[in-house]
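Below is one structure, written out as structure tokens; the observations come after it.
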Protein chains: 2
Amino acid sequence: MEKPATIKDIAKRLNISLSTVSRALRNASDVNPDTKKAVMALSEELNYQPNKLALSLRQKQTHTIGVIVPNLDYVLSLMVRGIDEVALEAGFTVMVCQSNESFGREILNTRRLLESLVDGFIISVSSESKSFDHFKKIQERNLPVVVFDRVTPHLTAPSVRIDNEEGGFVATEHLIEQGYRRIAVLAGPENLGVSNSRMDGYLNALKKHKIKKDPALIVHCDFNQDYAYFATLELLAMKKRPDAIFTISDRMAIGAMLAIKKKGLRMPEDIGLVGFNNEPVTSLVTPSISSVDMPSFELGKVAAKLFIETMHNKENMDHEEKVLKPKLIIRESSQKLPIKK
Amino acid sequence: MEKPATIKDIAKRLNISLSTVSRALRNASDVNPDTKKAVMALSEELNYQPNKLALSLRQKQTHTIGVIVPNLDYVLSLMVRGIDEVALEAGFTVMVCQSNESFGREILNTRRLLESLVDGFIISVSSESKSFDHFKKIQERNLPVVVFDRVTPHLTAPSVRIDNEEGGFVATEHLIEQGYRRIAVLAGPENLGVSNSRMDGYLNALKKHKIKKDPALIVHCDFNQDYAYFATLELLAMKKRPDAIFTISDRMAIGAMLAIKKKGLRMPEDIGLVGFNNEPVTSLVTPSISSVDMPSFELGKVAAKLFIETMHNKENMDHEEKVLKPKLIIRESSQKLPIKK
DNA sequence: TTTAATTCCGGCAACGTTACCGGCAACCAT
DNA sequence: ATGGTTGCCGGTAACGTTGCCGGAATTAAA
């Protein structure tokens, strides 16, 4: 039990060749039932476990998927769990690397995973990334790549995401229906697709309800509670301050909430607030915060399924694009009118 | 750029032997400076990356640490980040597996990591685990093991943890100093060492201040918000209800808070509340919740350092035991008296 | 009885790497 | 010149596994 048993040990003990043992252990064809039984019995007894390294080296497959994410916040860790579940089921191991939203780390992680000889990648791009050469290098090696959540047009690969535009739309329309008219939006970095799509939804809702867009009410800031806090303070200091805020993440919604409280304003009476992601904390704070829920776990599962499909099908699936629907959860922070019967 | 370059490719192109290339690439001794330069140049050009699989197979080391955790909540993910940071620095990759507090999964994960030929383990045991044979199997293979956070006397291995007794003590003493007298404790499962130590601290504080222990005020329940919610409701329904609650985790504190609010009681006036872990959410809810902070990130770093030390030193470090100090963070939920000058 | 088919098995090479050993020069000191 | 040292290099085996090929033994078919 000291050193793990190998095929060689079994062969020696049974006085048969390595090849026979190897075949007995998997194919089972081309091998006498009796010897097969003997091999099985002994391998059981010695607690034989095939050496993964040797196997991978031989057949040039590690059965490992490299997953690159910008961070592991609530939503992304749910997605990763979804990926994990499906991947495990299919016999894959996943290696998760966080880029911490940093472009440099993203490149480094890609390199590392490539060195580890993963069989392919499932990627959510960092908000900082403007170049995508490191990902293209993966594709040059003919390794399958799937992009999820944070997709980008600069990378042609199968993708899964939620309908962010729809999410932005329902959040904004809900605020309008509640009677809010000067609706501000706290968006993320300017080059982040996810953020822009949600903003598009916001703009569409305004247009549909004939509310004029006010550039002063559109604020880009970092994806971060503190930045959102200060941005909100500035918004509230305007002469004609907004009467509602839609933030494209719950982290930012929390920052906004703190700023609103700091100013002594009440939600939903003085000001409405809707976030995005439906993190558990939104239901715990006072007042509870309305938020757009997304099927994160499911999205992860779909990403992994898509990956496996891509891996097996030689055909080009680069233009496969799955889109899941978000859902608005209404809570106290935006519920100004009594609930209709 | 299709297939990764190997040592063989370099050797062929330079008309020298594999061995020479191999030596040139690392030892640098026993090889002519000129050939070395040539090898380096070509390896750069071909973008040569040593094949980790072959390397590991050869030298029977994967430079990988298996990390087993019961879950990835706020505290544990911080610890894992600490582990990761130190491990990476030392040239190790970490593979993290969650057991979801399940004994079966823990065994499965151990097996999986063992199959992946990790060089050793850093473990925080699941709350469900009562047997530790699967961990002992690791030690039989002479692989280094370090236990962190959730330690257990049933496993002799170097360990890192915080002083849970101290944590329970300061939390309870703080409540006593604020004037609370009937202090209940919401503890975790009965066999969980961490929980019991915190309870011991609670008991010590009572004893020091000559408050009689009341078994009715000691409640064991699952490590979980919902259970804590219902347990608190029951506590509050007592004829002589407690005037303060100490929960051994913040998750449980949140559950308790919801129950207290549900009953229409005020914090800190009617009832005091102190949690454990200092999760960010404790400062966001209303009222904000006092909590015992632990140096999680640091603890993870220490665990990894201890692992590396254990790996290198042949000497028996099994009785090395590091203990870090927790710190009480006082917030609204327990601040009944005005702050002293 | 010969031929053909079937069943079962062992040998060899290969995946990419390094450890070890031995050998050929060239140099130095005797 | 002899012997010993040093610098540099190549060959071989090994890590644990599997794929391919060929061959022996047995059975079936002609």
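Computed from a predicted structure; not experimentally measured. Letters A, B, ... are given to chains in the order of the sequence lines, protein chains preceding strands, and every chain is numbered from 1.
Between B:Phe132 and B:His154, the ring planes are parallel. Angles under 30° get that label, and only those over 60° would be called perpendicular.
Nearest-nucleotide assignment on DNA chain D puts the 5′-proximal partner with B:Asn15, out of B:Asn15 and A:Ala54.
When rounded to the nearest whole Å, the span between CG of A:Leu18 and C1' of D:dC15 equals 13 Å. Spacing between atom CD1 of A:Ile10 and atom C1' of D:dT17 amounts to 12 Å, rounded to whole angstrom units. For the pair B:Asp34 CG and D:dG7 P, the interatomic distance rounds to 16 Å; values are reported in whole Å. To the nearest angstrom, P of D:dC8 lies 17 Å from CG of B:Leu14. Going from atom CD1 of A:Ile7 over to atom C1' of D:dA14 covers 16 Å, rounded to whole Å. Regarding B:Leu25, its CG atom lies at a distance of 13 Å from the P atom of D:dC9, rounded to whole Å. A straight line from CG of A:Leu55 to P of D:dG16 spans 13 Å, rounded to a whole angstrom. We find that CG of B:Asn32 is positioned 16 Å from P of C:dA25, with the value rounded to whole Å.
When distances run from any side-chain atom of B:Val31 to the nucleotides C:dG16, D:dC9, C:dA19, the shortest one goes to D:dC9.
Minimum heavy-atom separation, B:Phe121 to B:Phe307: N-CE1, 3.5 Å. Smallest separation of non-hydrogen atoms from B:Ser126 and B:Pro70: CA-CB, 4.0 Å.
Close to D:dT17, at under 4.0 Å from its OP1 or OP2, lies no side-chain N or O of A:Lys8. Between B:Thr20 and D:dC8 there is no side-chain polar atom (N or O) within less than 4.0 angstrom of OP1 or OP2. In this structure, B:Thr35 reaches the D:dC9 phosphate: one of its side-chain N or O atoms is under 4.0 Å from OP1 or OP2. The phosphate of D:dG16 (OP1 or OP2) has a side-chain N or O of B:Lys60 nearer than 4.0 angstrom. Of the side-chain N and O atoms in B:Arg23, none sit less than 4.0 angstrom from OP1 or OP2 of C:dC20.
Within the 4.0 angstrom heavy-atom criterion, base atoms lie near A:Leu57. Using a 4.0 Å heavy-atom cutoff across all strands shown, B:Asp30 reaches at least one base atom of the nucleic acid. Among the atoms of the strands shown, only primed sugar atoms or phosphate atoms (P, OP1, OP2) are found under 4.0 Å from some heavy atom of B:Ile16.
Put simply, the side chain of A:Ser19 and the base of C:dG11 share a donor and an acceptor less than 3.5 Å apart. Counting distance only, with no hydrogens placed and no angle test, the side-chain atoms of A:Thr6 and the base atoms of D:dG16 include no donor-acceptor pair under 3.5 Å.
A:Val39 has its side chain within reach of A:Leu14: a pair of non-hydrogen atoms, C-beta onward, lies under 4.5 Å apart.
Between the side chain of A:Thr110 and the backbone N or O of A:Glu106 there is at least one donor-acceptor pair closer than 3.5 Å.
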